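Below is one structure, written out as structure tokens; the observations come after it.
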Amino acid sequence: MDSTYKPHELESTLYENWERNNWFAPKKGDEAYSIMIPPPNVTGSLHMGHAFQHTIQDALIRLARMQGKETLWQVGTDHAGIATQMVVERNLARDNLPPRIEMGREAFIEKVWDWKKSSGGTITKQMRRLGNSVDWETERFTMDEGFTEAVQTAFIKLYDEGLIYRGKRLVNWDVKFHTAISDLEVENHEEKGFMWEFKYPLADGETTSDGNDYLVVATTRPETLLGDSAVAVHPDDERYKNLVGKFVVVPFVGRQIPIVADHHVDPEFGTGCVKTTPAHDFNDYQIGQRHKLPMFNIFSKSAEILVMAEAYDADGKANESLAFSLPESFVGLDRYQARKTIVKALEEQNLLIGVKDHLLQVPKGDRSGLVIEPMLTDQWFVDAKTLAKPAIEAVETGDMEFVPKQYENMFFAWMRDLQDWCISRQLWWGHRIPAWYDDEGNLYVGDDEASVREKYELDDKPLHQDEDVLDTWFSSALWTFATLGWPEQTDRLKTFHPTDVLVTGCDIFFFWVARMMMMTMHFMKDEHGKPQVPFKTIYITGLIRDEHGQKMSKSKGNVIDPLDMIDGIGLEELVAKRSTNLMQPKLAQKIEKQTRKEFPEGIGEHGTDALRFTLTSLASTGRDINWDMKRLEGNRNFCNKLWNAARYVLSHTEDHDCSKPSDEPLSLVDQWIISRLNQCITDVTEQFARYRFDLASQTLFEFIKNQYCDWTLELSKPVLFDDNATDSQRQNTRYVLSHVLETVLRLAHPIMPFITETIWQKVKVTQGLSDDTLMLMAYPTSDELLVNANAEASIEWLKSVIVAVRNIRGELNISPSTALPVFLVNASSQDEMFLRINQRLIERLAKVDEVTVLSPSEEAPLSATQLVGDMKVLVPMAGFIDLEKEQARLQKHIDKLDKDIQRVENKLGNEKFVANAPKEVIDKEKEKLASALSAKAELAIQFDKINNAD
RNA sequence: AGGACUAUAGCUCAGUUGGUUAGAGCGCUACCUUGACAUGGUAGAGGUCAGCAGUUCGAAUCUGCUUAGUCCUACCA
């Protein structure tokens with residue numbers, strides 16, 4: 001083995017071997033365990049968030065597999081309708097190819113499939129590099145044949161059950177992509193804008209109570225006045241009560257529209273008069289519905305003023321008799337130009353009263369970034385309220401559990417107040433809606449045209465399919481069961497559904513998780529007909545941010561590709577990666593500067609295991625993670641530590657059979673580390689079960705570094721190197737070194753698969769094992785009988801004595817190469833016993849040439865002092881110790897003890913404390929006080945001794 | 001507007017049903033090429049647990065308020 005840890009060399013070939021042997025595939029077992037991967041966008045690439053979530057899933061899966069369960073980690077990708085279509089359209093423009101519309105639907109879709117083929121491999125490559133042990137044999141795609149069938153089946157069933165309907169509704173319209181989007185795909189941003197006030201002339205000579213012949217309305221969107229259907233006032237507003245039922249005249253178009261009374265209006269806000277545009281505002285739509293107002297659409301699909309306004313009755317039926325032409329001077333203007341022009345025209349007609357600055361929330365499409373236009377269109381909807389009920393119940397009863405728990409609140413709040421879900425998208429890439437229309441506009445839903453004709457007993461009249469596709473999230477909502485073969489009742493479905501845990505970020509909680517719950521519980525029932533949950537536990541990870549707590553994003557230029565942390569990347573390449581293909585190229589310079597400052601030498605190689613270990617170490621629940629490069633480095637060093645520890649162990653065990661100890665009993669050191677190992681196994685297993693990957697990692701780190709490397713390896717040296725040791729003792733030590741290492745490799749494997757497997761392949765030989773791979777070995781279980789208090793006491797004592805001497809050495813600057821004599825004073829019979837057993841080890845590890853126990857009658861030489869319990873460890877001062885330094889050191893310790901004594905005395909002097917606190921607590925305090933007092937006394941004596949010697 | 005979360009060492013974070021001498025990693029200081037490891041070893045310094053008030057014998061931990069920050073949901077034209 002190489003003396004330094006070179007992750008790339010060992011990681012690159014291992015995965016291939018695992019995969020070739022098909023060790024990721026489920027293996028029959030009594031108990032099943034499954035995780036469905038949140039399917040990443042097929043054409044995307046993995047970012048740190050994925051690396052994080054995948055690491056956690058892989059750790060859980062590897063653990064379950066080692067625990068002998070029939071384990072499936074279902075892999076797959078999502079077709080990501082709008083995102084993918086957007087990328088492909090951009091590519092067409094870049095390659096000077098005809099745009100989508102000219103190309104036509106079929107040709108375009110072919111282009112998308114081509115793109116999927118050429119770019120879809122990125123993710124799978126990354127996942128392999130991350131060591132993700134997914135079952136590649138059953139990889140799925142949300143648009144593969146079987147999945148498409150599942151989507152159709154689900155849609156048709158829901159339609160037949162009345163849970164999907166079609167209707168003309170006001171929806172969020174993306175004016176760039178010309179499609180409806182769901183509420184969730186709209187992001188609200190606060191922006192500075194204006195509020196205009198203008199006059200609406202009253203018709204028929206009416207006047208307000210204060211004598212005006214007009215009403216004043218306030219609006220942030222004056223351009224929509226062309227499509228107004230009413231002016232609304234509050235029913236109790238005395239100012240306008242007499243005008244309800246009367247009319248105003250819409251400027252420029254001359255239509256008369258009614259004044260209606262509606263509770264929605266806040267009389268305190270503005271003038272108390274609201275212009276009402278049901279076809280272009282969600283609140284106005286509601287008002288319109290309540291008052292059966294007609295609706296006027298004045299915008300094209302790109303939000304430009306139409307030639308003729310389209311008119312609809314309140315129920316959504318077109319009503320051509322109400323249609324009207326729009327003023328020529330406005331026709332064709334986009335909404336912002338129209339706004340300017342109309343405000344100017346209002347001013348010219350003396351209708352404008354004023355304009356104020358106004359802070360408003362602007363809804364924008366999350367993909368296009370453009371302001372959403374509420375638009376009246378025919379769309380498909382899912383009755384979300386009905387589907388949500390079983391999911392809510394399942395969380396209430398605990399059938400589904402959130403980790404961390406607080407997400408329940410968010411879940412309930414959202415689920416209990418659901419609007420119907422708009423699932424149709426005016427895109428081409430996606431699952432086309434299985435609905436057909438005849439020339440009269442009658443609707444037929446079925447698998448395909450032929451089955452529709454049969455189902456509805458249609459003759460051969462012409463039918464045409466709905467042009468729309470389904471929201472991507474409609475298909476991914478079926479992910480947990482459609483991947484397992486549904487609608488067929490496959491064995492896989494029976495074995496692996498419900499799944500055990502879903503690991504995902506809260507960013508797609510509503511998009512995906514909530515909808516998956518709804519769909520799954522509707523379609524999947526157990527043998528008693530009870531709805532099945534999609535997963536028993538939902539583990540929600542935090543977001544990975546950069547070191548300043550900023551969200552990682554391409555436009556901020558602060559993303560780091562997980563693979564670059566693994567294999568490293570040069571500065572120039574990193575700069576290039578970050579500053580090209582930006583949506584806003586002008587940011588490139590700033591990003592370059594920032595990157596050069598932050599990574600003057602690029603990013604070094606750290607290896608997958610270090611990355612994974614860092615991610616799990618940071619995975620405490622319910623908290624975002626600010627990425628810290630330093631921690632990654634620290635953990636790479638930890639890997640190096642493990643690597644070198646293994647080199648040491650192997651160098652002493654390679655040529656021996658270490659599968660068994662000798663016939664002689666194990667030494668206390670040997671028993672101690674085995675005892676600690678068993679405690680470690682218990683802790684790590686429990687922490688995994690609680691999803692506390694941070695604690696599991698920390699426990700492993702502590703054991704491997706502080707117990708195994710720092711002590712066990714050092715304590716083995718006297719045995720392995722000294723001529724005095726017997727063959728049996730050496731055999732025992734070799735056995736323990738090798739056995740503990742082998743066990744801890746199994747224990748750490750779920751988090752650090754590569755380094756553990758690599759080392760294990762060597763260690764297994766010394767343990768007489770012939771198994772092929774660590775990943776299929778049994779996960780360690782602890783043995784209570786091996787937890788040994790006696791051995792622990794002895795070795796903890798030994799460690800304290802060694803540390804005491806080192807402490808004196810360190811604080812008094814005595815060279816580590818100087819061998820020191822040590823005297824022990826106040827040694828109890830137990831101390832003396834421990835000394836007899838451990839003396840050689842003290843001499844060796846503390847570099848002590850002689851340990852002498854002084855009886856009470858013997859005078860100790862002038863010494864530096866450290867206490868181990870009541871026993872004094874003395875290092876004589878003759879020759880190497882500075883008296884003043886030692887006095888200062890003693891004083892420091894005495895001061896500390898004084899503070900402790902003070903605090904404890906106060907506590908014990910408090911009658912209420914003594915009266916109320918449990919006896920154990922009081923006893924503990926008393927003990928504390930006694931030992932602190934005696935410790936202080938001892939140190940004071942030493943202090944005085946030095947004084948007198950002066 | 002409503003809700004949630006966060007505030008602990010210079011930095012990134014642990015701290016479980018209230019009882020600790022409040023921990024880890026990184027950084028810092030000193031010493032050290034000791035036969036696995038300088039991607040190292042040994043030792044050390046460093047904290048009014050955001051602030052205020054309360055409950056309690058006892059609060060980093062429970063309650064209320066304040067401040068700062070993050071996020072979610074909704075939204076007044």
Side-chain angles (χ1 to χ4, degrees), chain A residues 1 3-5 188 195 217-221 232 264-266 268-277 281-284 287 358 360-361 404 406-407 409-410 413-414 417 506-507 509-510 542-543 545 547 549 551 604 606 610 614 617-618 620 622-652 690 692 694-695 698 701-702 709-710 713-714 717 721 803 806-817 844-845 847 896-897 899-900 903 907 910-918 920-922 924-925 928 932:
Chain A
M1 282 169 79
S3 82
T4 44
Y5 165 63
N188 289 300
M195 169 101 79
V217 296
T219 181
T220 53
R221 298 204 57 196
H264 168 75
V265 179
D266 175 3
E268 306 292 318
F269 187 90
T271 57
C273 300
V274 183
K275 68 184 272 307
T276 306
T277 325
D281 183 282
F282 287 98
N283 284 311
D284 295 0
I287 296 175
H358 185 69
L360 66 166
Q361 296 287 334
Q406 73 246 22
Y407 282 101
N409 293 331
M410 180 177 96
W414 193 73
D417 186 33
C506 66
D507 49 338
F509 183 83
F510 299 125
L543 215 63
R545 301 167 175 281
E547 61 276 26
K551 217 164 165 171
H606 297 91
T614 305
S617 314
L618 293 168
S620 60
R623 201 176 164 138
D624 285 351
I625 292 171
N626 293 348
W627 184 252
D628 182 4
M629 222 49 187
K630 288 289 182 190
R631 273 190 89 144
L632 179 62
E633 274 170 37
N635 288 326
R636 185 216 28 214
N637 297 351
F638 171 57
C639 289
N640 183 58
K641 189 86 188 167
L642 176 58
W643 181 258
N644 279 293
R647 282 181 58 224
Y648 168 80
V649 171
L650 285 167
S651 73
H652 290 283
R690 290 171 53 213
R692 286 304 302 267
D694 57 332
L695 298 181
Q698 201 187 314
F701 182 95
E702 211 277 332
C709 294
D710 288 355
L713 263 46
E714 292 307 320
K717 286 176 184 173
F721 290 125
V803 168
R806 283 179 182 170
N807 197 305
I808 290 170
R809 222 188 254 285
E811 291 194 39
L812 298 179
N813 283 349
I814 303 167
S815 158
S817 56
R844 173 81 191 223
L845 270 74
K847 185 98 177 158
K896 216 172 183 179
L897 285 167
K899 260 165 82 182
D900 287 351
R903 210 191 48 248
K907 238 181 190 178
N910 182 341
E911 281 172 32
K912 286 181 178 169
F913 172 73
V914 181
N916 289 307
E920 309 91 79
V921 176
I922 297 172
K924 209 170 142 193
E925 292 295 327
K928 223 189 273 175

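Order of the sequence lines sets the chain letters (A, B, ...), proteins ahead of strands, with each chain counted from 1. Note that this is a predicted model, so its numbers are computed, not measured.
Asn637(A) has a side-chain polar atom (N or O) that falls below the 4.0 Å cut-off from OP1 or OP2 of G40(B). Between Lys551(A) and U70(B), a side-chain N or O to OP1/OP2 separation shorter than 4.0 Å is absent.
Judged by distance alone with a 3.5 Å cut-off, a donor-acceptor contact links the side chain of Glu714(A) to the base of A36(B).
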Exercise. In sequence, state the C-alpha distance, the side-chain angles, and the governing distance for Arg692(A) and Asp694(A), and then conclude on salt bridge (Lys or Arg N to Asp or Glu O under 4.0 Å).
Key: CA-CA 5 Å; Arg692(A) 286 304 302 267; Asp694(A) 57 332; 2.7 Å; yes
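When both pairing distances are held under 3.5 Å, A4(B) makes a Watson-Crick or G-U pair with U70(B). Across every strand in view, G23(B) sits in a pair with C13(B) that passes the Watson-Crick or G-U test at under 3.5 angstrom.
To the nearest 0.5 angstrom, Leu543(A) atom CG is 6.0 Å from Asp507(A) atom CG.
Here the separation of U8(B) from C13(B), taken at their P atoms, is 9 Å to the nearest Å.
The nearest heavy atom of RNA chain B to Arg545(A) and to Phe638(A) marks one nucleotide each, and the one closer to the 5' end goes with Phe638(A).
Whole-Å rounding puts the His358(A) NE2 to C75(B) P distance at 14 Å. Rounded to whole angstrom, the span from the CZ atom of Arg809(A) across to the P atom of C31(B) amounts to 16 Å. Here the C1' atom of nucleotide A24(B) and the CZ atom of Phe701(A) are 8 Å apart, to the nearest Å.
Pairing each heavy atom of His358(A) with each of Thr220(A), the nearest pair is CD2-CG2, 3.7 Å.
Here the side chain of Asp266(A) is nearest to one of A36(B), U12(B), A77(B), namely A77(B).
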Exercise. Starting at the 5' end of nucleotides 14-23 of chain B, put B wherever the base has a protein heavy atom under 4.0 Å, S where only the sugar-phosphate does, and a dash everywhere else.
Key: SSB--BSS--
